[in-house]
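Read the numbers this way: they start at 1 and go in the same order the structure lists the ligands and their atoms. In this text the structure is predicted, and so the values were computed from the model without any measurement.
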Amino acid sequence: MVSKALLRLVSAVNRRRMKLLLGIALLAYVASVWGNFVNMSFLLNRSMQENGELKIESKIEEIVEPLREKIRDLEKSFTQKYPPVKFLSEKDRKRILITGGAGFVGSHLTDKLMMDGHEVTVVDNFFTGRKRNVEHWIGHENFELINHDVVEPLYIEVDQIYHLASPASPPNYMYNPIKTLKTNAIGTLNMLGLAKRVGARLLLASTSEVYGDPEVHPQSEDYWGHVNPIGPRACYDEGKRVAETMCYAYMKQEGVEVRVARIFNTFGPRMHMNDGRVVSNFILQALQGEPLTVYGSGSQTRAFQYVSDLVNGLVALMNSNVSSPVNLGNPEEHTILEFAQLIKNLVGSGSEIQFLSEAQDDPQKRKPDIRKAKMMLAWEPVVPLEEGLNKAIHYFRKELEYQANNQYIPKPKPARIKKGRTRHN
Ligand SMILES: O=C(O)[C@H]1O[C@H](OP(=O)(O)OP(=O)(O)OC[C@H]2O[C@@H](n3ccc(=O)[nH]c3=O)[C@H](O)[C@@H]2O)[C@H](O)[C@@H](O)[C@@H]1O
């Protein structure tokens, strides 16, 4: 009896233990399944996250790569946009200042000196010069553009100074005669002061106008000229004459090396559309089918040189040992009426020729004697008139298109003196 009861008790205890053991085993199993589940979902989550990140990264890469490509192209185009420039050794490379370097002649001179491999600083007050004329050099390591009026002193270090700053077309220089005088007198004084301080050589862009309305024909450098000192052209003519005087005073008294170029009528691309000189006026009028305005009878003469010839002459003179004045011009002389007809034909224009009253003190004959330049500089003009005119016509045609796109059609400016007070500074 007792043993049966004991057996029942033991088996009851075992059953409970078994149940307990089974319970524990079940719990352990559930816990391990749960653990695995948690682990797996964590891993899954992580890989999903990593996958997502990868996807985002590759998306970004897809967007950024073409942008990088564009930046590389832009960088390439920046370095390739400049005209080809020669490499000059430190010894041969000069630091050159061009005053009026954004003007018609100045910008062509800038091109030549840059392409020859020099360091060029252009100074311009943009009265008649334009940034557009030199914009193709902006950013180049050898080039600098300074907005500055030479009437104020300038302090920079240079080896050569081409001093071109001054309005050169009669309507422009007559527009503000006091400013024209200041530019040529005070401006030249400042540049000579700079040349003296830094030991630079200065080339003055003088003019055939120092001969005035000449009584000697053709004009050679030893002719003293025939200028009306109180006429409408005097601000320019006398301004350039005193500029020459100052050059030789600085040469004698201070030992400054000077070069003086007497520049005769010059034309070519980059003349301002509103310049007012005969070449731009006639071409513009012929292209627009308007009458070609001849002042006076048209029997007055001029001889026209193409701008690249002038630029070569200026550089040859600067680097020569000729300190006395030298004429730079093309001796092929034409009457203004012949010239009007020639331009009409080259443009193929049906424009009329209109005779207007003659301009006061207009020189009646002008033609350079260039024997000195030929002999001392081995220079003479090489561009035939018609070839140069065709280039200028092409340029003005493009300019007209450009202006038309910008809703502005310029009219030629007449060589008339403005009435009333003019602004000057
Ligand atoms: O072209 C230049 O390089 C020179 O131009 C001008 O001298 P100018 O000879 O009077 O120049 P223009 O205004 O082009 O006149 C030339 C001739 O054409 C005449 N002209 C001008 C403009 C016009 O529409 N019609 C016309 O018959 C003038 O009366 C003058 O007889 C400047 O004064 C000089 O400094 C400069 O060197």
key: Asp309 side-chain N/O to Val382 backbone N/O, donor-acceptor pair under 3.5 Å   = yes
task = Could you name the option among Val278, Val105, Leu356 that has the heavy atom nearest to atom 14 (O) of ligand 1?
result = Val278
request  = Give a yes or no on whether the ring-centroid distance for Tyr82 and Phe143 is below 6.0 angstrom.
outcome  = no
request  = Please determine, by modelled atom types, if Glu333 and Thr301 share a side-chain donor-acceptor pair under 3.5 angstrom.
outcome  = yes
request  = Using side-chain contact (heavy atoms from CB on, under 4.5 Å) as the criterion, point out the one residue from Thr188, Val151, Thr99 that pairs with Thr183.
outcome  = Val151
note = Near Asn281 (heavy-atom distance under 4.0 Å), the atoms of ligand 1 are 22 (C), 23 (C), 24 (O)
query = With a 4.0 Å heavy-atom cut-off (strictly under), which part of Arg277 contacts ligand 1: side chain, backbone, both or neither?
reply = both
query = Just heavy atoms, cut-off under 4.0 Å: does Ile263 contact ligand 1 by side chain, backbone, both, or neither?
reply = backbone
ask   = Yes or no on side-chain contact (heavy atoms from CB on, under 4.5 Å) for Leu310 and Phe264, after CA distance, side-chain angles and deciding distance?
value = CA-CA 9 Å; Leu310 170 62; Phe264 283 65; over 6 Å; no
key: For Tyr173, atoms of ligand 1 separated by under 4.0 Å from a heavy atom   = 33 (O)
task = Work out whether the distance between some heavy atom of Gln285 and some atom of ligand 1 is less than 4.0 Å.
result = no
ask   = Hey, is Asn265 touching ligand 1 through its side chain, its backbone, both or neither, going by heavy atoms under 4.0 Å?
value = both
inquiry  = Is Ser169 close enough to touch ligand 1? Criterion: a residue heavy atom under 4.0 Å from a ligand atom.
reply    = no
inquiry  = Would Val294 count as a polar contact of ligand 1, with the cut-off being nitrogen or oxygen pairs under 3.5 Å?
reply    = no
Arg366: numbered ligand 1 atoms lying under 4.0 Å from its heavy atoms = 7 (O), 8 (P), 9 (O)
Expected output: side-chain Arg259 to main-chain Arg201 donor-acceptor under 3.5 Å = no
remark   = Rounding to 0.5 Å, atoms CG (Leu109) and OH (Tyr162) come to a distance of 5.5 Å
query = Is the shortest distance from a heavy atom of Lys240 to ligand 1 less than 4.0 Å?
reply = no
ask   = Counting heavy atoms only, which of Arg233, Met174, Glu209 comes nearest to atom 10 (O) of ligand 1?
value = Arg233
Ile336: numbered ligand 1 atoms lying under 4.0 Å from its heavy atoms = 17 (C), 18 (O), 27 (O)
ask   = Nearest non-hydrogen atom to atom 32 (C) of ligand 1 belongs to which of Ser206, Ala168, Gly298?
value = Ala168
request  = Would you check the N or O atoms of Thr207, main chain and side chain alike, for any that come under 3.5 Å of an N or O of ligand 1?
outcome  = yes
remark   = At under 4.0 Å between heavy atoms, what of Thr293 touches ligand 1? The answer is both
inquiry  = Can you tell me which portion of Glu358 lies within the under-4.0 Å heavy-atom range of ligand 1? Options are side chain, backbone, both, or neither.
reply    = neither
request  = Could you verify whether a donor N or O on one side chain and an acceptor N or O on the other, from Thr293 and Gln354, lie under 3.5 Å apart?
outcome  = no
request  = Kindly say whether Glu290 contributes a backbone atom to a donor-acceptor pair with the side chain of Ser351 at under 3.5 angstrom?
outcome  = yes
ask   = Any idea how Phe304 and Phe339 line up, ring-wise: parallel (<30°), tilted (30 to 60°), or perpendicular (>60°)?
value = parallel
ask   = So does Leu54 have more than 12 non-hydrogen atoms from other groups sitting under 6.0 Å from CG?
value = yes
query = Are Phe267 and ligand 1 in contact, using a heavy-atom cut-off of under 4.0 Å?
reply = no
request  = Could you list the atoms of ligand 1 found under 4.0 angstrom from a heavy atom of Thr266?
outcome  = 1 (O), 2 (C), 3 (O)
request  = Give me the one residue out of His217, Arg262, Arg366, Gln219 that meets side-chain hydrogen bond (donor to acceptor under 3.5 Å, both in side chains) with Tyr211.
outcome  = Arg262
